[in-house]
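Worksheet for the structure shown next.
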Amino acid sequence: MSKMIEPGPGVNTGTGQVAQSGMGQVGQSVHRLESRAKVTGRAEYIHNVELPGMLHAKVVRSTVAHARIRSIDVSVAKQLPGVYDVITAEDVLKLIPDPYYGPAFHDQPILAIDKVRHVGEPVAVVLAADTHTADRATDLVAVEYEEMEAVFHEIDAAHTETGIVHDVIRPAGTFADLKTLKPRNKTNVAMEYHLRSGDVDEAFAKADYVFEHTFRSQQVNHLPLEPTVTVAELTDSGNLLIHTSSQSPSFVRIEVARLLGWPENRVRVRTAYLGGGFGAKLYIKLEALTSVLALLTGRPVKLSLTMEEQFYTITRHAATVRIKTGVTKDGRIVGRHVGTWWNGGAYADIGPRVTQKSGFTAAGPYDIDAVSLDSYAVYTNLPPAGALRGFGIPQLVWAYESQSDIIARELGLDPLDFRRQNLLTNGRPHATGTVLEDAGTSEVLAELERLMDWHGPFERGRGPIRRGRGIAIGIKAAVSPTTSVAFVNIYSDGSCGLHCGTVDMGQGSDTAMAQIVADVLGITAEEIRVIHADTDVTPYDMATLGSRSTFHMGNAVRLAAEDARKKAVEMCATQTGVPAESLRVEQGAVVTQDGQSCTYGAILAKQYGMQAGNIMGVGSYIPDYQKPNSETGRSENITPFWMVGGTGVELEVDTETGKITITRLVTVGDAGKALNPGIVKRQLSGASIMQMGFTLFEEMVFDEGQVVNASLADYKIPGFWDVPEQNDVQIVEVPHRKGPFGAKGIGETGSLALSPAVANAVQDATGVRIYETPLTPERVLRALRQQQRNEWEDD
């Protein structure tokens with residue numbers, strides 16, 4: 001079952017999974033609960049936290065890419081009036097003997113120990129009463145380095161025997177799905193994943209044509225408008241309270257407690273609204289360092305990054321993808337091999353998980369008899385790379401959907417028909433061995449065809465302005481295994497609170513989760529208070545990442561609400577003598593068949609003899625999962641759900657300047673069930689515009705590891721004038737049988753396929769093919785000149 005929907009008041013497309021007689025807000029574009037607080041400036045952000053006696057921290061950062069630290073002289077800096085102290089690794093080691101952290105590997109020191117591995121790595125920290133004094137003092141810390149051979153490109157780094165970033169590789173063992181993957185010691189390959197399905201060599205031998213190409217994507221930055229910030233303080237009982245702009249408070253508590261050797265209940269982590277995250281605020285970023293500073297000084301410490309510092313904290317993986325595809329004369333793909341090298345930078349962060357999770361989708365949403373995939377997480381001497389809106393998938397889709405177009409054009413086939421001919425559909429096994437279920441591959445492609453009027457006439461432009469159009473489609477597997485837990489608390493007066501660790505960083509999760517509770521309890525989302533992530537108050541959630549929250553936390557919230565409803569109904573049944581089976585819930589009350597209505601507040605008052613007590617519903621959700629076979633990389637249950645997104649582009653290319661202007665952008669995503677269509681559409685649109693920047697102009701430019709455009713003045717992100725004149729967003733609904741009300745994650749799907757759709761449209765317009773992002777005017781013009789055999793000579 002599938003359909004297309006338009007958001008708007010009154011739309012109710014409930015799947016029948018809702019509670020008895022709910023208010024039916026699931027499926028409606030309910031206004032966001034926090035909208036008034038945000039537009040009036042009352043919404044809480046960690047940046048606004050100020051505490052008595054608080055010190056401000058500024059980081060002294062490495063100026064070289066790879067070097068041994070000969071000495072650090074802090075004496076002059078300490079003399080500057082207003083400076084409280086200057087902290088180095090020597091001080092950290094007195095408190096924590098093994099101060100290394102990280103989600104996948106414990107490879108990142110809180111402050112550099114003995115050597116530095118990238119420009120911008122924290123070497124020391126100045127503490128002062130104000131940020132300006134601390135900032136001035138960082139220039140007074142003298143660090144002497146002995147430079148070492150540095151490696152910057154992922155292919156070079158994977159094969160070198162001399163420029164080794166880490167002498168010892170330290171897997172953390174945090175994630176069960178990574179335990180079968182092994183690092184290569186004495187190399188820069190942090191971890192590798194291999195998938196084997198069918199006989200690829202035999203498939204290539206039987207193919208009529210074999211195509212081989214190499215594609216590359218560049219380092220880009222997350223750049224949330226709220227830079228990362230953390231405040232740490234000691235409580236009066238000697239415990240730690242960490243206020244942080246984090247997407248993963250539960251993980252931060254676990255990791256800080258592990259570093260200190262403390263029980264988790266001595267570390268409290270709370271957050272507030274985030275001014276964007278996109279993966280930049282996942283796992284540990286500033287929390288371990290600020291915790292150490294607070295413990296060493298006994299005073300609250302605040303560390304707030306500048307925009308420039310964000311470029312040295314986390315990036316998105318650059319990637320080289322080599323793809324080889326065997327095809328029959330009639331356009332059937334029979335074999336594919338993909339090798340992917342991920343530029344992970346100096347520290348692994350979540351790169352190994354990106355390597356595996358994205359790696360096994362590298363063959364694309366296609367039904368191919370034989371597939372072999374190799375995926376390598378590679379250390380280099382660049383800033384660390386992590387997750388960024390798509391968890392590595394856009395880099396892969398860039399390769400396989402660019403090649404899909406090349407193959408179709410070479411064979412004289414229509415690019416959309418070629419995709420449809422090879423598309424993986426529900427009921428067919430993916431290369432991993434997991435059967436595709438409840439995924440909208442066909443529906444998304446059909447909707448793209450309709451919206452683009454793909455087989456209709458198209459005006460090609462005139463003179464130097466050439467017009468073209470392109471499409472692409474991508475598939476992503478949701479992260480697993482993960483765990484989410486939620487509490488629903490019905491207070492003594494019948495009002496309701498939702499305790500969940502999902503962090504609302506602009507995606508609208510507070511409202512969507514409240515809509516789920518509302519439908520189950522028969523009330524409205526506006527009546528529910530969503531309690532933000534606070535590890536002393538809210539239960540465990542792995543993290544807000546990878547478009548997992550709607551499915552994983554949404555199921556936990558639904559189960560918690562159903563548990564609370566069941567307890568209220570049973571309590572009412574005991575009080576009235578009416579069997580629970582004959583009671584129903586509607587409009588905030590339990591109702592008998594003869595119309596007698598008992599509000600939640602009345603039930604509690606009767607239970608406790610006065611306005612008192614609570615009804616606590618608890619829900620936890622762990623999706624089914626089977627980790628991949630260590631030899632073949634295959635699994636019969638590798639993901640709880642598949643995400644599918646497609647993009648269509650119409651554009652103009654100025655053949656005299658190389659400038660690309662996207663005149664129409666069409667984004668289609670499969671939501672399963674859009675809990676709040678308005679929010680879903682804005683998520684899809686935001687993801688596509690962000691990816692448009694990565695496709696056309698965003699790029700971190702390095703000179704010997706130094707970022708030379710680390711500011712919003714030099715690193716341009718899309719502005720309103722960059723948004724295409726026509727920006728169409730469409731939702732496809734293919735309900736997931738295990739999703740809350742049929743819903744799936746969708747936030748990243750708008751970013752999956754945009755880059756190849758643009759490149760395909762450029763070829764359609766001009767006949768030239770671009771193999772590396774971003775598609776800057778210079779890169780396009782060089783390709784046009786090469787086509788004309790009139791190439792520029794490099795400087």
Side-chain angles (χ1 to χ4, degrees), residues 59 61-62 64-69 89 92 96 98-123 148 150-154 157-158 163-175 178 181 183-185 187-192 219 221-222 228 246 248 251-252 255-256 258-259 279-289 292 305 309-319 341-356 376-388 392 700 702 705 707:
V59 177
R61 297 181 180 277
S62 170
V64 295
H66 197 195
R68 300 202 183 282
I69 300 172
V92 176
I96 304 174
D98 189 29
Y100 292 87
Y101 64 89
F105 288 6
H106 292 157
D107 60 356
Q108 191 159 2
I110 291 175
L111 288 173
I113 300 173
D114 298 331
K115 66 183 290 190
V116 291
R117 297 179 175 85
H118 70 95
V119 175
E121 179 166 0
V123 174
M148 304 169 65
V151 286
F152 302 115
H153 193 283
E154 56 276 7
I164 304 300
V165 181
H166 290 268
D167 299 327
V168 178
I169 298 181
R170 305 158 53 106
T174 305
F175 301 111
L178 296 184
L181 307 182
R184 289 188 198 169
N185 283 315
T187 75
N188 288 321
V189 178
M191 193 165 273
E192 53 191 301
Q219 274 97 354
N221 198 263
H222 306 64
T228 308
S246 173
S248 48
F251 183 89
V252 169
E255 190 72 337
V256 170
R258 180 191 66 80
L259 284 163
K281 299 168 182 173
L282 278 170
Y283 304 109
I284 292 276
K285 289 297 178 282
L286 309 180
E287 295 87 354
L289 177 56
V292 166
L305 296 185
E309 287 177 301
Q310 290 201 136
F311 285 84
Y312 295 106
T313 304
I314 194 72
T315 72
R316 186 173 83 171
H317 293 80
W341 289 260
W342 304 91
N343 193 324
Y347 297 105
D349 198 85
I350 198 59
R353 223 176 186 203
V354 171
T355 299
Q356 188 217 45
Y376 305 93
V378 184
Y379 283 123
T380 63
N381 293 112
L382 293 176
L388 196 169
M700 291 176 64
F702 294 94
V707 186

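Residue numbers run from 1 in the order of the sequence given.
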*Check the pair Val165, Asn381 against side chain to side chain contact (heavy atoms under 4.5 Å, CB included), reporting the backbone distance first and the verdict last.*
CA-CA 7 Å; Val165 181; Asn381 293 112; 3.9 Å; yes

*side chain to side chain contact (heavy atoms under 4.5 Å, CB included) between Val119 and Val707, worked out*: CA-CA 8 Å; Val119 175; Val707 186; over 6 Å; no

*asked:* Could you report the tightest heavy-atom contact between Val116 and Ser62, atom names first, then the distance?
replied: CG2-OG, 3.4 Å

_Full working for side chain to side chain contact (heavy atoms under 4.5 Å, CB included) between Glu192 and Arg184_ = CA-CA 8 Å; Glu192 53 191 301; Arg184 289 188 198 169; 2.6 Å; yes

*asked:* I need the minimum non-hydrogen distance between Val151 and Asn188, along with the two atoms involved.
replied: CG2-ND2, 3.9 Å

*Taking the side chain as every heavy atom from C-beta outward, state whether Glu255 and Glu287 have any atom pair closer than 4.5 Å.*
no

_Just so I know, are the side chains of Met700 and Phe311 near enough to count as touching, which here means a heavy-atom distance under 4.5 Å?_
yes

*Mind listing the closest non-hydrogen atom pair of Val92 and Pro99 along with its distance?*
CG1-CB, 3.8 Å

_Tell me which one of Val59, Thr228, Leu286 satisfies side-chain contact (heavy atoms from CB on, under 4.5 Å) with Glu309._
Val59

_Value rounded to 0.5 Å, distance of OG1 in Thr313 from NZ in Lys281_ = 11.5 Å

*Would a 4.5 Å heavy-atom cut-off, applied to side chains only, mark Ile110 and Ile96 as touching?*
yes

*Ring geometry between His166 and Tyr379 (parallel below 30°, tilted from 30 to 60°, perpendicular above 60°)*: tilted

*asked:* Does Arg170 qualify as a cation-pi partner of Tyr100, given the criterion of NZ or CZ under 6.0 Å from the six-membered ring centre and within 45 degrees of its axis?
replied: yes

*What are the two closest non-hydrogen atoms of Tyr347 and Arg117, and how far apart are they?*
OH-NH1, 3.1 Å

*Considering only heavy atoms from C-beta outward, does the side chain of Ile284 approach that of Val256 to under 4.5 Å?*
yes

*Between His118 and Ala346, which heavy-atom pair has the shortest distance, and what is it?*
CD2-CB, 3.7 Å

_Side-chain (Glu154) to main-chain (Gly344) donor-acceptor, under 3.5 angstrom_ = no

*Any ion pair linking Asp349 and Lys285 (charged N to carboxylate O, less than 4.0 Å)?*
yes

*Using the side-chain contact (heavy atoms from CB on, under 4.5 Å) rule, pick out the option among Arg316, Gln219, His153 that qualifies with Asn343.*
Gln219

*asked:* As a quick check of understanding, evaluate side chain to side chain contact (heavy atoms under 4.5 Å, CB included) for Gln356 and Met191, giving each step before the final call.
replied: CA-CA 9 Å; Gln356 188 217 45; Met191 193 165 273; over 6 Å; no

